[in-house]
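Read the structure below first, then the notes.
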Protein chains: 2
Amino acid sequence: MQELFTYFSKFAPLPMEGKNAIAAISQQVSIPKNKNLQQIGQTCQTIYFLVQGLARIYYLKNEIDITEDFYFENSIIVRAESLFTGRPSRKAIQVLENAELIAIDSQKFFALFNRYPEIERIFRKIIETAYVETINRIEGIQFNSAEERYQALIKTAPDTIKRVPLKYIASFLGITQVSLSRIRANQ
Amino acid sequence: MQELFTYFSKFAPLPMEGKNAIAAISQQVSIPKNKNLQQIGQTCQTIYFLVQGLARIYYLKNEIDITEDFYFENSIIVRAESLFTGRPSRKAIQVLENAELIAIDSQKFFALFNRYPEIERIFRKIIETAYVETINRIEGIQFNSAEERYQALIKTAPDTIKRVPLKYIASFLGITQVSLSRIRANQ
DNA sequence: GTAATTATTTATCATAAGATAAATAAACCG
DNA sequence: CGGTTTATTTATCTTATGATAAATAATTAC
């Protein structure tokens, strides 16, 4: 739990009482490499914090597997389109390395907001940050060539190339696996 | 102000005292068609609510004007990458029709969060909603052809085609103006 | 209302990236 | 360890979209 609170403390202070309240609704989870943490079709009712390992969110489009995003140590993983709408998610969370996570019951977590405004504030700031990242990502996709996007990834998230199979990276970059391979060959 | 509070009430209830506090830090603004409401390089310190008219956020990439997003009546306009980081924005807000807005001082607005948790809650939910829309938009860009993206826009936001000049729509869809024109001709 | 500006379309040519298939290379499993 | 599966690369061919230029249409300003 310590990693989680260290992460939270970057957004706003959280008194001990609030920490205890969160600890009471959280569980440690271990998942082996390549297993899905959440399946497509399940409604997102858990806020995950990745302590150790690597994960991705993906979905299927015409039977093709498309990676929406990657998650590394010390990050929150939620399927926002489901968590914030209450609708079943079209997306799955898959772990790409053996992983240790903290699972927080989202209903109970949201219920804490009334008693602990600090928790609501931290969560708000986490979402604000995620929102900004997503906006920036659109910009990165919009008018960059496949090669520029690959180079940008190497620069901004070199871990991705090192730790993630290329087949998952290609769709994340919005290109085919074959195209990514071609780009890599031209370097 | 009434339009703003009606909009807010969709997210969470807001007592009269909170409304008055917001009214006290807000101003009505009128801007003529095609004028910039905020310039590139300014730090975002205002939360706008569009009462009447139409606006867009745009930025320049290699001297090319790229539309990030469009905003219609009854929506909040902020340059999130600046508002949430405190850094100067690389983006401008331009009004595409004569517009009526409510301008809320963001510093003062955020300061209200401590006294009125309801306001923080409303704002959090607004950002959550915007975040989900942005995630969905990435999905729409990622593996759709230019034509599919154009068709999707006609379907999900027909107002855009009716009210916005095509030159602004093209970059929003991630394609050139010429390409958009070609797509329209093939229908 | 006419000229000047700006937006949109059309045409031509070039190219990045998709589709498909096959060859290697790497990872996994009994 | 050897065989099987899975991932990555390479090759060929096709196509959607970009770049550029020019024509037409619409809007704006005097």
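Computed from a predicted structure; not experimentally measured. Chain identifiers are assigned alphabetically (A, B, ...) following the order of the sequence lines, protein sequences preceding nucleic acid strands; residue numbering begins at 1 within each chain. Atom set for the values below is all heavy atoms of this structure, side chains included, hydrogens, waters and symmetry mates excluded.
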Indicate for each nucleotide in nucleotides 25-30 of chain C, in 5' to 3' sequence, whether protein heavy atoms under 4.0 Å reach the base (B), only the sugar-phosphate (S), or nothing (-). ---S--
Output the rounded distance in Å from CD1 (I183(A)) to P (dT10(D)). 13 Å
Residues, nucleotides or ligands: over 12 heavy atoms within 6.0 Å of R163(A) CZ: yes
5′-ward residue of the pair Q177(A)/A146(B) relative to DNA chain D: Q177(A)
Once you round it to whole Å, what is the distance between P of dA17(C) and CG of N186(A)? 10 Å
From C-beta outward on R182(A), which listed nucleotide comes closest to its side chain: dA21(C), dA21(D), dG18(C)? dG18(C)
Whole Å only: how far is the CG atom of L180(A) from the P atom of dT8(D)? 9 Å
Verify the cluster assignment for V78(A) and L54(A): are they in a single hydrophobic cluster under the rule of side-chain heavy atoms below 4.5 Å apart? no
Only residue of R90(A), K61(A), R137(A) satisfying salt bridge (charged side-chain N to carboxylate O under 4.0 Å, His left out) with E139(B) is R90(A)
Separation of atom CG in L173(B) from atom P in dG18(D), rounded to whole Å: 11 Å
Do other residues, nucleotides or ligands put more than 12 heavy atoms under 6.0 Å from E148(A) CD? yes
Are Y131(A) and I135(B) joined in one hydrophobic group, where the rule is that I, L, V, M, F, W and Y side chains link up if heavy atoms are under 4.5 Å apart? yes
F143(A) atom CZ is separated from dA19(D) atom P, nearest whole Å, by 9 Å
When the distance from OH of Y150(B) to P of dT8(C) is rounded to whole Å, what number comes out? 11 Å
Between Y7(A) and I25(A), is there a shared hydrophobic cluster once you connect ILVMFWY residues whose side-chain heavy atoms come closer than 4.5 Å? yes
Under 4.0 angstrom, heavy atoms only, what part of the nucleic acid is T176(A) near: base, sugar-phosphate, or nothing? sugar-phosphate
Nearest-angstrom distance from the residue atom CG of L166(B) to P of dT8(C): 5 Å
Integer-rounded Å distance: dT10(D) P and R184(A) CZ: 10 Å
Please pick, from dT12(D), dT10(C), dT9(D), the nucleotide with the shortest atom-to-atom distance to any side-chain atom of S181(A). dT9(D)
Taking any heavy-atom pair under 4.0 Å as a contact, classify I175(B): base, sugar-phosphate, or nothing. sugar-phosphate
Is it true that Y48(B) and Q38(B) share a donor-acceptor pair across their side chains at a distance under 3.5 Å? yes
Comparing nearest nucleotides in DNA chain C, the 5'-proximal residue of the pair Y168(B), S179(B) is Y168(B)
